[in-house]
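Structure record follows, encoded as structure tokens.
Numbered from 1 within each chain, the chains take letters A, B, ... in sequence-line order.
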There are 2 protein chains.
Amino acid sequence: MKEDRYEVRFSGSGGQGIIMAALVFAEAAGVYDGKHVCQTQSYGPEARGGSSKAEVVISNKIIDYPKAMKLDLLLAMNQASCDAYFSDLKLKGLLVVDSMLVDQLPTNRAVSIPFTQIARKEVGKELVANMVALGAVGYLCQVVSLKSLEAALMAKVPKGTEKMNLNALRAGINAAQKVDLEALPRSVTPEDEEV
Amino acid sequence: MKEDRYEVRFSGSGGQGIIMAALVFAEAAGVYDGKHVCQTQSYGPEARGGSSKAEVVISNKIIDYPKAMKLDLLLAMNQASCDAYFSDLKLKGLLVVDSMLVDQLPTNRAVSIPFTQIARKEVGKELVANMVALGAVGYLCQVVSLKSLEAALMAKVPKGTEKMNLNALRAGINAAQKVDLEALPRSVTPEDEEV
């Protein structure tokens with residue numbers, strides 16, 4: 001981890017398992033990698049809308065302020081979340097989306113992977129799209145070890161679903177390994193490229 | 001809610017479902033009751049120890065600082081958690097413990113209920129002690145509606161376990177209804193009684 005603080009927001013629709021993905025990510029970094037981690041859900045009076053978000057802040061030091069301020073990585077599992085939270089990304093942050101559910105990308109600095117389709121076709125269950133996405137996020141962020149991610153997943157998901165969720169995680173890692181991050185623009189806003 | 005901010009910490013051993021209880025509580029207040037809610041897990045390098053804690057902050061206003069500072073209610077599902085966190089209670093805060101797992105009470109301002117025993121004897125499954133405790137916490141704290149608590153539980157627990165978890169929640173509410181809060185000392189530290 002280059003800087004002291006790394007911030008991720010997982011976002012999507014209710015029922016996509018957004019909070020479970022964030023919990024596994026947080027426990028991987030906190031319990032298994034031994035980092036300082038805060039994992040937060042915030043709900044306002046608008047929370048009935050059916051959208052879901054969860055944040056993870058990872059640090060090598062004690063975390064004073066646990067809410068995300070400027071995101072290093074935003075996972076958006078639907079268009080509404082992408083639109084709502086894109087502006088919270090750092091200039092050099094990374095947008096990761098489900099390519100079948102987000103078709104209007106606000107930046108070219110984005111990784112677009114068909115998480116839900118992979119879950120359905122490769123794992124046989126759409127419900128584990130969250131773990132496919134988590135695998136990709138885990139691989140791309142480079143701040144948690146993949147071994148810790150697998151260990152946290154095995155400990156956290158409902159009994160009897162471990163294998164399926166693990167397969168989903170690994171399918172997400174595989175998909176992300178094909179992405180060439182170096183080929184992406186360095187900044188989420190094109191203007192800043194020219195500075 | 002008398003004051004603007006109400007803080008609860010759920011604590012115990014890993015595997016007791018502490019985070020699930022906090023998540024249901026948070027969604028009841030945030031999604032169903034429409035309050036401002038932050039729900040946080042913090043992990044440090046010591047997180048491997050097998051203890052588990054989760055916080056919920058509820059407010060009528062936007063929450064600036066999402067971590068708990070002074071607890072209105074502490075649920076301790078084991079002695080280690082009780083010892084570690086008791087000092088974070090407000091003077092007029094309330095300690096709630098599993099009476100079979102916490103035998104050394106640091107204050108008389110405590111509600112002691114055999115959550116795990118109730119889960120085993122009344123619901124038939126020790127694993128749902130977390131929901132028995134949540135029922136009691138929900139009843140005692142008076143900041144979430146019991147209807148919302150039930151709705152959040154039904155939406156949040158794994159499919160197929162709804163009925164069992166709901167029975168556990170209700171058993172916890174029933175147990176808490178027998179507690180006479182007025183009979184407790186007004187303060188967690190006896191010295192302050194005399195002021």
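Annotation: maximal heavy-atom pairing with chain B below 4.5 Å, among A/G14, A/A29, A/P66, occurs at A/P66. Most heavy-atom pairs under 4.5 Å with chain B: of the set A/L23, A/I63, A/V56, this distinction falls to A/L23.
Under the 4.5 Å side-chain criterion, counting only non-hydrogen atoms from C-beta, B/K67 is not in contact with A/K67.
Remark: B/K70 NZ is packed, more than 12 non-hydrogen atoms of other residues, nucleotides or ligands lying under 6.0 Å away. At most 12 heavy atoms of other shown residues, nucleotides or ligands fall within 6.0 angstrom of atom NZ in B/K121. The number of heavy-atom neighbours closer than 6.0 Å to CG of A/N108, taken from other residues, nucleotides and ligands shown, is 12 or below.
In terms of hydrophobic clustering, with Ile, Leu, Val, Met, Phe, Trp and Tyr side chains grouped at heavy-atom distances under 4.5 Å, B/V96 and B/V143 are assigned to a common cluster. Residues A/V8 and A/L184 are members of one and the same hydrophobic cluster, defined by side-chain heavy-atom contacts under 4.5 angstrom among Ile, Leu, Val, Met, Phe, Trp and Tyr. Under the 4.5 Å side-chain heavy-atom criterion for grouping Ile, Leu, Val, Met, Phe, Trp and Tyr, A/L89 is connected to A/L105 within one hydrophobic cluster.
With rounding to the nearest 0.5 Å, the separation of SG in A/C38 from CD in B/E55 is 8.5 Å.
Contact annotation for B/K159: neither backbone nor side-chain heavy atoms come within less than 4.5 Å of a heavy atom of chain A. With a threshold of 4.5 angstrom between heavy atoms, A/I19 approaches chain B through side-chain atoms but not through N, CA, C or O.
Closest of all the heavy-atom pairs between B/Y43 and A/A26 is CE1-CB, 3.9 Å.
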